[in-house]
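This report concerns only the one structure given below.
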Amino acid sequence: MPPKNITNTTELMQVKKYLLYTLTSLLAGCLPELDIPPTNSRTADLMPETIHLDLGNPTNATVNASQSQNYLIVREQYALSYNREKGTANWVAWYLDRAWIGDVARQDDFRADTALPGVWYRVDDDDYVNSGFNRGHLCPSGDRTNTPVDNSATFLMTNIIPQAPDNNQGPWRDFEEYTRDLVTGENDNEVYVYSGVYGRGGEGSDGTKETIAEGNVVVPTNLWKVVIVLPQGEDDLNRIDENTRIIAIDIPNEQGIRSADWQDYRVSVDAIEANAEVDFLADLSETLQETLESRVDTQ
Ligand code: MN
Ligand code: MN
């Protein structure tokens, strides 16, 4: 049966699929000769609709376990591409506006993600103990404080990466706060955030390591973020133009940077695309991508 309350796009699609199925069954019964084109439900299942990917899926991740280095997990709170060989996400994407921000306390319930295919190693909270690295959030706890359930979703270990304490508690955190300021108070923006990792080998409080958790988790050399800022409005992808502000940062996963300014780590989107092997805003024209992605934010 279709859901009773249509509250989001996924449910709406389910209703559409249900109606299409019903119609198809009825027609098939009455008019066996009618040639009904096959519905593309397989594609929809492999790449479910989500607001978090409204501006694009940077690696065309899909819900296909044979693509173990680019496996898509979509949840209400964010979407991510998981890399089984790294034991972390490649990137996490989330939409943020003031509606996601409330006063719910940190749930702190770090735990393995059971959304991963059953035979895959599931990174657990214990895997980071005494590693010299923080359990660093890609989608921050502070961006999901509207309900306990939404906050708790950020503590799933697929949203966590081994992060140098000085990176996590320095410029990375400052930029998280800056991003929230863009959508709250007088700054009535909505933003789309992509955050991810690349490279192998980072410096924590216990020295440089390529992996932790007995090799199950790769320590990245770099952490990056791309934030697309829009004033509140409709039809977001089509409102992006050459004046749209995009902030991209790339911060090394190392100690000694706790008091550094996040502004000093600004880079072009192109630089992140090259280093992390991703493509942002692929649905925009090449010309517009070139303009936006070669620029480095200076505001
Ligand atoms: Mn953090
Ligand atoms: Mn691009």
Side-chain angles (χ1 to χ4, degrees), residues 9 43-44 46-64 67 69-74 78-83 86 88-97 138-139 143 159 161 172 175-176 178-179 182-183 189-199 220-231 233-253 262-299:
T9 323
T43 307
L46 284 174
M47 214 185 272
E49 283 273 314
T50 166
I51 186 172
H52 308 302
L53 297 178
D54 270 0
L55 302 192
N57 176 330
T59 54
N60 290 315
T62 55
V63 188
N64 175 357
Q67 299 255 10
Q69 298 188 54
N70 189 23
Y71 180 75
L72 180 65
I73 295 178
V74 172
Y78 53 82
L80 67 83
S81 158
Y82 188 75
N83 190 321
K86 291 185 172 179
T88 68
N90 298 304
W91 51 260
V92 178
W94 67 101
Y95 170 81
L96 177 64
D97 66 5
L138 287 171
C139 176
D143 281 12
N159 181 48
I161 38 101
W172 190 259
F175 186 61
E176 288 177 346
Y178 180 83
T179 305
L182 290 171
V183 304
N189 294 304
E190 51 187 327
V191 300
Y192 290 82
V193 188
Y194 296 95
S195 182
V197 294
Y198 69 87
T221 61
N222 288 70
L223 281 74
W224 56 262
K225 266 182 161 168
V226 171
V227 178
I228 297 139
V229 187
L230 292 162
E234 300 294 312
D235 198 12
D236 298 332
L237 182 65
N238 291 311
R239 288 193 292 137
I240 296 177
D241 63 22
E242 65 279 3
N243 297 315
T244 299
R245 185 177 183 200
I246 302 181
I247 312 162
I249 61 166
D250 184 329
I251 308 185
N253 196 21
W262 69 260
Q263 286 91 343
D264 293 341
Y265 295 99
R266 285 182 286 194
V267 295
S268 67
V269 171
D270 279 338
I272 295 174
E273 287 187 335
N275 287 319
E277 297 174 72
V278 291
D279 186 9
F280 301 103
L281 304 172
D283 292 334
L284 300 181
S285 73
E286 282 301 327
T287 327
L288 188 51
Q289 282 187 67
E290 240 173 76
T291 308
L292 291 172
E293 294 178 351
S294 60
R295 191 185 284 162
V296 178
D297 179 72
T298 52
Q299 276 191 46

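Just so you know, these numbers use all the heavy atoms, side chains as well, and skip hydrogens, waters and symmetry mates. Indexing begins at 1, ligand by ligand and atom by atom, following the structure's order. Small disclaimer: the values here were computed from a predicted structure and weren't measured.
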Item to check | L292 side chain near I240 side chain, heavy-atom distance below 4.5 Å | outcome: yes
Item to check | With the Mn ion (ligand 2) as the apex, the OE2/OE1 angle for E273 and Q289 - to 10° | outcome: 170°
Item to check | Short N/O/S contact of F280 with the Mn ion (ligand 2) (below 2.8 Å) | outcome: yes
Checklist entry - According to the side-chain hydrogen bond (donor to acceptor under 3.5 Å, both in side chains) rule, which pairs have a member within residues 290-299, sequence neighbours left out? => result R245-D297, R266-D297
Item to check | Over all atoms of both residues, closest heavy-atom pair of S268 and V296 | outcome: N-CG2, 3.6 Å
Checklist entry - Given OD1 of D279 on one side and OE2 of E293 on the other, what angle do they make at the Mn ion (ligand 2), to 10°? => result 160°
Checklist entry - So, for Y78 and W94, is the gap between ring centers shorter than 6.0 Å? => result no
